[in-house]
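Atoms within each ligand, like the ligands themselves, are counted from 1 in listed order.
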Amino acid sequence: MNKALRKAVIAGNWKMNKTPEEAKELIAQIAPLVKDADCSVVTCVPFVDLQAALEATKGTNIGVGAENCHWEKSGAYTGEISADMLAAMGVQYVIIGHSERRTYFGETDVTVNKRVRAALDAGLTVILCVGEYLEQREQGITAELVAMQTKIALQGVSKEELARIIIAYEPVWAIGTGKTATADQANEVCAVIREVIAGLYGRDAGDGITIQYGGSMNAKNAAELLDKPDVDGGLIGGASLKAPDFAAIVEAASR
Ligand code: PEP
């Protein structure tokens with residue numbers, strides 16, 4: 001399928017940054033800069049900023065996402081937030097399996113799968129993160145590893161539900177480090193993921209799924225990365241906190 005027929009998605013991942021008041025300010029700066037975007041624009045924000053972000057994005061083309069969710073609907077899980085709670089607020093997207101959750105908070109492929117299932121059941125669209133550590137790349141197991149992460153995360157997900165899955169290929173060594181994968185490296189792994197989806201769900205599903213690259217994408221390198229045939233957008237950390245930089249990436253994806 002021609003890449004132009006797939007939906008490009010540029011999503012910001014604010015991580016643990018911004019108070020609700022600061023969130024409103026940043027969205028007010030971003031909104032006019034991205035209003036003519038020819039791609040989907042999403043900001044994923046800390047839980048405490050969701051209400052402010054939902055209000056600030058009303059009447060704009062910016063979708064709002066959370067950065068994680070729990071797999072149970074409710075119960076004795078102190079400090080957790082369920083997918084149903086997010087959906088009830090009007091949140092549309094949720095990042096699941098970010099490498100920072102996997103590295104610092106004990107997230108595993110199995111818990112990623114549970115969270116994906118819960119998010120889909122709640123009606124959310126999932127931004128599913130997969131990616132290798134530098135040691136794994138050096139061992140030559142990137143393709144196998146990313147394929148395995150993808151397969152486990154999507155266990156029990158139907159072909160119809162795939163319409164609400166975006167996959168973000170994020171090499172861990174490139175996140176927040178300023179070391180971007182080359183456009184060819186990014187494209188190669190995005191293509192591997194596309195083949196995994198085609199193998200699981202059929203060629204049309206592989207061709208239709210949106211696969212983002214994430215890892216130090218910025219205003220300068222976005223165009224080259226986004227130009228690649230299997231890279232359909234970006235998950236943006238640091239650069240999503242600066243309105244002009246984020247807008248420049250959205251602009252690059254809109255070309
Ligand atoms: C991320 O948090 O998903 C990310 C890609 O971060 P950064 O753009 O800062 O590398």
- Lys15 N/O under 3.5 Å from ligand 1 N/O: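 Yes - when backbone and side-chain N and O of Lys15 are compared with those of ligand 1, one distance drops under 3.5 Å.
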
- Message: Under 3.5 Å between any N/O of Asn13 and any N/O of ligand 1: does that happen in this structure?
- Response: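 Right, the criterion is met.
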
Considering the heavy atoms of [X], write down every atom of ligand 1 situated less than 4.0 Å from one of them.
X      : value
Gly238 : 7 (P), 8 (O), 9 (O)
Gly214 : 5 (C)
Gly215 : 5 (C), 10 (O)
Ser216 : 7 (P), 8 (O), 10 (O)
Leu235 : 3 (O), 5 (C)
Gly176 : 7 (P), 9 (O), 10 (O)
Ala174 : 10 (O)

- Assess whether side chain to side chain contact (heavy atoms under 4.5 Å, CB included) is satisfied between Gln212 and Ile166, documenting all intermediate values. CA-CA 7 Å; Gln212 302 172 313; Ile166 295 162; 3.7 Å; yes

- Item | Residue that, paired with Asp204, satisfies salt bridge (charged side-chain N to carboxylate O under 4.0 Å, His left out) out of Arg6, Lys159, Arg194 |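 The passing option is Lys159.
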
- Message: Between Trp173 and Glu132, do the side chains contain a donor N or O and an acceptor N or O under 3.5 Å apart?
- Response: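 Short answer, yes.
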
- Task: Considering only non-hydrogen protein atoms, determine which one is nearest to atom 5 (C) of ligand 1 and report residue, atom name and distance to 0.1 Å.
- Result: Glu170 OE2, 3.1 Å

- Query: At what distance is the nearest protein heavy atom to atom 8 (O) of ligand 1, and which residue and atom is it?
  - Reply: Gly237 N, 2.8 Å

From [X] [atom1] over to [Y] [atom2], what is the distance, rounded to the nearest 0.5 angstrom?
X      : Y      : atom1 : atom2 : result
His98  : Thr103 : NE2   : OG1   : 9.0 Å
Cys190 : Asp232 : SG    : CG    : 7.5 Å
Glu251 : Asp38  : CD    : CG    : 10.5 Å

- Only one of Ile193, Val192, Asp230 forms a side chain to side chain contact (heavy atoms under 4.5 Å, CB included) with Tyr169, so which one is it? Ile193

- Which of these passes side chain to side chain contact (heavy atoms under 4.5 Å, CB included) with Ile165: Thr150, Thr210, Leu154?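 Between Ile165 and the candidates, side chain to side chain contact (heavy atoms under 4.5 Å, CB included) is satisfied uniquely by Leu154.
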
- Message: Out of Lys179, Glu67, His98, Met217, who is nearest to atom 1 (C) of ligand 1 when you count heavy atoms only?
- Response: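 Looking at heavy atoms only, the winner is His98.
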
